[in-house]
Amino acid sequence: MNFYSTRTTDHDTGRDPGDTDLSTSSATSSATANEAFSREDHGLAKPLGSSVRHEHWPHVPAEPIAVIECDDVDIYYGDFRAVSAVTMAYGFNEITALIGPSGCGKSTVLRSLNRMNDLIPGARVTGKISYHGDDMYGPEVDAIEVRRRIGMVFQKPNPFPKSIYANIAYGPKVTGMRVSNMDDVVEEALTRAALWDEVKDKLKESAYGLSGGQQQRLCIARTIAVKPEVILMDEPCSALDPIATQRIEDLMSELRQDYTIIIVTHNMQQAARVADRTAFFTAKPSEDTGDRTGLLVEYDVTSKMFSNPSDKRTEDYISGRFG
Amino acid sequence: MALLGLAGALSVVITVGIVVALLLPALDFFREVNVWDFLSGTRWAPRFSNPDFGVLPLITGTLWTTALALLVAVPVGLGAAIYLAEYASPRVRKVFKPALEVLAGIPSVVYGYFALAFVAPVLLEKIMRIELGTFSVLAAGLVLGIMIIPTVASLSEDALSAVPQALRQGSLALGANRMRTTLRVVFPAAISGIAASIVLGLSRAVGETMIVALAAGNQARMVDGATQDGQTMTGFIAQTATGESTPGTLGYNTLFAVGLLLFTVTLLINMISIRLVRRFREAY
């Protein structure tokens, strides 16, 4: 097995149309497993894949191959401008970390990327956020469909008060996915979230009997089960102990082969460990209103951000001089 | 402290007192009338010269009015609760909830008169063209249902609102729409509170007196259709208690026998529902 075959999913050739059926999920080679988990059955306009080759893999390309792009994005809560003028692109099958001090708007930015902000009364976005080039906030776009393709894992594990099995099966059921065998879907999602071995004998038990770290992996598995292309993670480890945190980080590194991951973290070491690219946000009082508005200071390949940042504020934050 | 303890003790003492006061005359009654005859007899004529003490007619009366009431109150009450908790804007909620609570504050005698003077003759007979006498379990049941809507709606709304926002977000983030989120995540998570609201409504419907006394009729008979009139357990008690029953007589003790039955039924409903809720709830 080489990196190219696992990292590249060919959507245009070499695929049997029937292959999208979930029963193929018990594939043996990882390349086929990736195909079974490809995003083609979403009917995406033109997913990245066929033309994408990371020549420098495992090195990160200088410019991200954009799945999601923010173009001069401002986010408001009512009259309050929480975030101002964010322009950045999130790279295909990369892990992008958003870091910065509290109140810098990084979680706000993250929630705008799958329209979870819609649920907050008064929240609105100006500028353009596009997904594969299409305006995510366009009038004909269904926010439900956006969230199906761009999943989210929250700060505090929030499994449903149902069985472990029902937690995973919920997404495929309510989104109307055609599933030939739900047991397979559940097993595969749990396996991919590195939880299967721990829970396979108690699938019918309540998810609330699991530890915090297990619950968070269950939430990741639940997200994977609906086959998103992007997974947003809002400080997924902040409620977990160091060992559980490490398991999630390992899991993220594995998932990155098939998913674009965007993570908000308070933990700089975590960003340095897992992220391909890191964006540093900070908050500054705006001249006109005095409100503290978040803005993007610097966005670059993680290794450069942490070794040789171009902006003084980034350097100060990373070296622990503020925030 | 002592005063508060006294207040707490008082409520217990009163409850025990009620049970004892209910039990003693009822026991006297069952010394003269066989329990089985009482529970299975289909003719209720306690004050005739050759009396019959079959309580089934009263039970069918109560069953009909209660069932009709639930048929109205559960869908409307739950619908209102879901709307208020999940869909209504804060401004709408601010108007709606107090309005519901006003509905809860209307004296039941007003409801009874409303059933008798408007629902039966105008709404059911003139508008819906259903043939009715002056009294019917249909009119009484419908109005009884309207009366318990606030109970069901208000408590269910509290239960739905108490479900953590994180669960809704988790569901929406998977690409579920709001209706599915409500029905498959929020509703099951709130089921114990919702069931409690329905049981409370049910108990109120079983125990409600004025509406059925005014609108259902006062002829105890086996009711086998919604358009018939009939007497309920509470209706009988109200009617008879106002009469000139002499304490210690069989006619007087009859009241307590029916009262005890009513008490037992309500208690059973409560116990069964607690069991059911434990069995099906999804605790968050």
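We use all heavy atoms of the structure for the numbers below, so side chains are in, but hydrogens, waters and symmetry mates are not. What you see is a predicted model, and the numbers here were worked out from it, not measured in a lab.
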Measuring heavy-atom distances to chain B, does [X] have an atom under 4.5 Å in its side chain, in its backbone, in both, or in neither?
| X | result |
| --- | --- |
| A:Pro121 | neither |
| A:Met116 | side chain |
| A:Leu119 | side chain |
| A:Ile150 | backbone |
| A:Arg222 | both |

Can you pull out the residues in [range] with any heavy atom less than 4.5 Å from chain A?
| range | value |
| --- | --- |
| residues 182-195 of chain B | B:Arg184, B:Val185, B:Pro188, B:Ala189 |
| residues 141-173 of chain B | B:Ala166, B:Leu167, B:Gln169, B:Gly170, B:Ser171, B:Leu172, B:Ala173 |
| residues 61-80 of chain B | none |

Nearest non-hydrogen partners of A:Tyr170 and B:Leu174, listed with the distance: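 Scanning both residues completely, I find the closest heavy atoms to be CD2-CD1, 3.8 Å.
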
Smallest separation among heavy atoms of B:Ala176 and A:Thr175, with atom names: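 Taking B:Ala176 first and A:Thr175 second, the nearest heavy atoms are N-CG2, 4.4 Å.
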
Exceeds 12 heavy-atom contacts within 6.0 angstrom, atom NZ of B:Lys97: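 More than 12 within 6.0 Å, yes.
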
Residues 207-220 of chain A: residues contacting chain B (heavy atom under 4.5 Å, by number):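 Within residues 207-220 of chain A, near chain B: A:Tyr208.
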
From B:Asn177 atom CG to A:Asp142 atom CG, the distance as rounded to the nearest 0.5 Å: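 Result: 8.5 Å between the selected atoms.
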
